[in-house]
Novice: 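Once you've had a glance at the structure underneath, I'll fire off some questions.
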Amino acid sequence: MMKIKFFAVLGTLVLAASCTPTKVIVPLEEGHWQIGVTQGRPQINDGFLPVLGAYAAKGVSATKTNYGGIQFSSLFLGALQLEGGSVAALLPQEGFRPGISYSFGAQSFLSTRDYAFRFYPEAGANAYFENGPHILNASVNTWLDPTWFLTDFGRGQLLAPSVSAGYRLRFKWFEAQLEYKILNPTRELQIPQNYIPSTSGLGGRGMYWGIAINF
């Protein structure tokens, strides 16, 4: 019974987790750290689902940053959600050509009631323009659900993509992040007893932001 309850709320967890800021767009300098908190607000019914998380990232080379994080909101829904991965530079910004970075990692969910477990590999790419402390970005990301066929009502899918656009201010030790994200734009979203406002009839949407310190 507990496993059924766990997987019944998994759709809400995935929606909540998807609406968190893209942690790092431009890789940090080697040896530098960034620690931040994030809040997402995906739309559900006539209001919003507040999503709170935290993360830490470290520049492990001139072109690569590793990160790890936790979603506190998932704990309120009965699951421990941890994430980790890397962001790497692919092409530097040059004139009107944006810089390109890519990311890869995974999300994991562990039920705090009966220890049911789910694991989602993910990958993404970012295009960005950086001018002094200002960064503009457009990003795409997708989760891979290896157990999509276990979803109730035949509503599972192998890939869970999202697209987003945002702005961040990275000034000395401080960074502020703002992003608008469209979730699963390839399908209708369904969470039992809840209505998710769509984007042109498909997916969901949400605003989210974060603040971080760099050292």
Side-chain angles (χ1 to χ4, degrees), residues 14-15 17-30 32-43 51 53 55-69 83-107 120-144 157-172 174-187 198-200 202-212 214:
V14 171
L15 178 72
S18 297
C19 203
T20 60
T22 307
K23 301 299 184 294
V24 179
I25 299 294
V26 182
L28 304 173
E29 294 182 27
E30 185 174 1
H32 284 204
W33 282 85
Q34 183 177 96
I35 296 177
V37 293
T38 61
Q39 184 182 35
R41 291 174 64 85
Q43 291 183 265
V51 180
Y55 72 95
K58 182 183 180 181
V60 294
S61 72
T63 59
K64 183 179 179 181
T65 293
N66 292 339
Y67 67 87
E83 62 179 312
S86 298
V87 179
L90 182 62
L91 289 174
Q93 178 181 332
E94 185 175 321
F96 291 103
R97 188 189 72 187
I100 303 293
S101 63
Y102 64 95
S103 62
F104 54 92
Q107 303 269 347
Y120 299 92
E122 64 174 327
N126 311 291
Y128 61 86
F129 285 101
E130 186 176 14
N131 183 12
H134 308 286
I135 302 172
L136 292 173
N137 74 282
S139 303
V140 295
N141 181 271
T142 189
W143 288 25
L144 173 67
Q157 63 176 21
L158 182 62
L159 299 178
S162 65
V163 295
S164 61
Y167 164 78
R168 55 191 61 202
L169 175 71
R170 181 183 290 179
F171 183 70
K172 296 182 179 179
F174 175 78
E175 181 167 316
Q177 307 160 351
L178 177 66
E179 202 160 19
Y180 179 78
K181 181 174 285 189
I182 298 175
L183 312 169
N184 275 287
T186 58
R187 59 176 291 200
S198 65
T199 303
S200 299
L202 297 172
R205 56 181 182 253
M207 288 292 300
Y208 58 100
W209 52 87
I211 56 173
N214 304 313

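All values below were derived from every heavy atom in this structure, side-chain atoms included, with hydrogens, water molecules and symmetry-related copies excluded.
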Novice: Say you draw a straight line from CG of Asn141 to CD of Glu122; how long is it, rounded to the nearest 0.5 Å?
Specialist: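 One finds 5.0 Å between CG of Asn141 and CD of Glu122.
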Novice: Compare every heavy atom of Glu179 with every heavy atom of Ala165, then report the nearest pair and how far apart it is.
Specialist: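 What the structure gives for the nearest pair is O-CG, 3.3 Å.
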Novice: Rounded to the nearest 0.5 Å, how far apart are CD1 of Ile211 and CG of Leu178?
Specialist: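 It is 13.0 Å, given to the nearest 0.5 Å.
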Novice: If you count heavy atoms of other groups shown closer than 6.0 angstrom to CZ of Phe171, is the number above 12?
Specialist: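 Atom CZ in Phe171 is not packed in, count stays at 12 or less.
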Novice: Testing the basics here: between Thr65 and Ala57, what is the closest heavy-atom pair and its distance to 0.1 Å?
Specialist: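 Distance-wise, the nearest heavy atoms are CG2-CB, 3.8 Å.
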Novice: List the steps and the verdict of side chain to side chain contact (heavy atoms under 4.5 Å, CB included) for Leu28 and Arg170.
Specialist: CA-CA 11 Å; Leu28 304 173; Arg170 181 183 290 179; 3.8 Å; yes
Novice: So how far is it from Lys58 NZ to Lys64 NZ, rounded to the nearest 0.5 Å?
Specialist: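 With rounding to 0.5 Å, NZ (Lys58) is 13.0 Å from NZ (Lys64).
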Novice: Can you measure from CD1 (Ile25) to CD1 (Ile135) and round to the nearest 0.5 angstrom?
Specialist: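 Result: 8.0 Å between the selected atoms.
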Novice: Please tabulate, one pair per line, all N/O donor-acceptor pairs under 3.5 Å involving side-chain atoms of residues 126-134, not counting sequence neighbours.
Specialist:
from, atom 1, to, atom 2, distance (Å)
Asn126, OD1, Ser139, OG, 2.6
Asn126, ND2, Ser101, OG, 3.1
His134, ND1, Tyr167, OH, 2.7

Novice: Taking the side chain as everything from C-beta on, heavy atoms only, tell me whether Tyr208 gets closer than 4.5 Å to Thr38.
Specialist: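 Not in contact.
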Novice: Taking all atoms of both residues into account, what is the closest heavy-atom pair of Trp33 and Ala56, and its distance?
Specialist: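 Nearest heavy atoms, Trp33 then Ala56: CZ3-CB, 4.4 Å.
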Novice: Under the rule for side-chain hydrogen bond (donor to acceptor under 3.5 Å, both in side chains), what residues qualify as partners of Tyr55, not counting sequence neighbours?
Specialist: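 For Tyr55 the side-chain hydrogen bond (donor to acceptor under 3.5 Å, both in side chains) partners, ignoring immediate neighbours, are Gln34, Gln177.
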Novice: From Tyr120 OH over to Leu144 CG, what is the distance, rounded to the nearest 0.5 angstrom?
Specialist: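 Tyr120 OH to Leu144 CG: 10.5 Å, rounded to 0.5 Å.
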Novice: Would you name the heavy atoms of Pro161 and Pro185 that are closest together and state the gap between them?
Specialist: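 For Pro161 versus Pro185, the nearest heavy atoms are O-CD, 3.5 Å.
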Novice: Suppose the criterion is salt bridge (Lys or Arg N to Asp or Glu O under 4.0 Å): which pairs have a residue in residues 87-102, not counting sequence neighbours?
Specialist: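 Only Glu94-Arg97 qualify under salt bridge (Lys or Arg N to Asp or Glu O under 4.0 Å).
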Novice: What's the spacing between Glu29 CD and Thr63 OG1 if we round to 0.5 Å?
Specialist: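 Answer for the CD-OG1 pair, Glu29 versus Thr63, is 12.5 Å.
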Novice: Evaluate the side chain to side chain contact (heavy atoms under 4.5 Å, CB included) criterion for residues Glu175 and Asn214: first the C-alpha distance (whole Å), next the side-chain angles of each, then the deciding distance (0.1 Å), finally the verdict.
Specialist: CA-CA 7 Å; Glu175 181 167 316; Asn214 304 313; 4.0 Å; yes
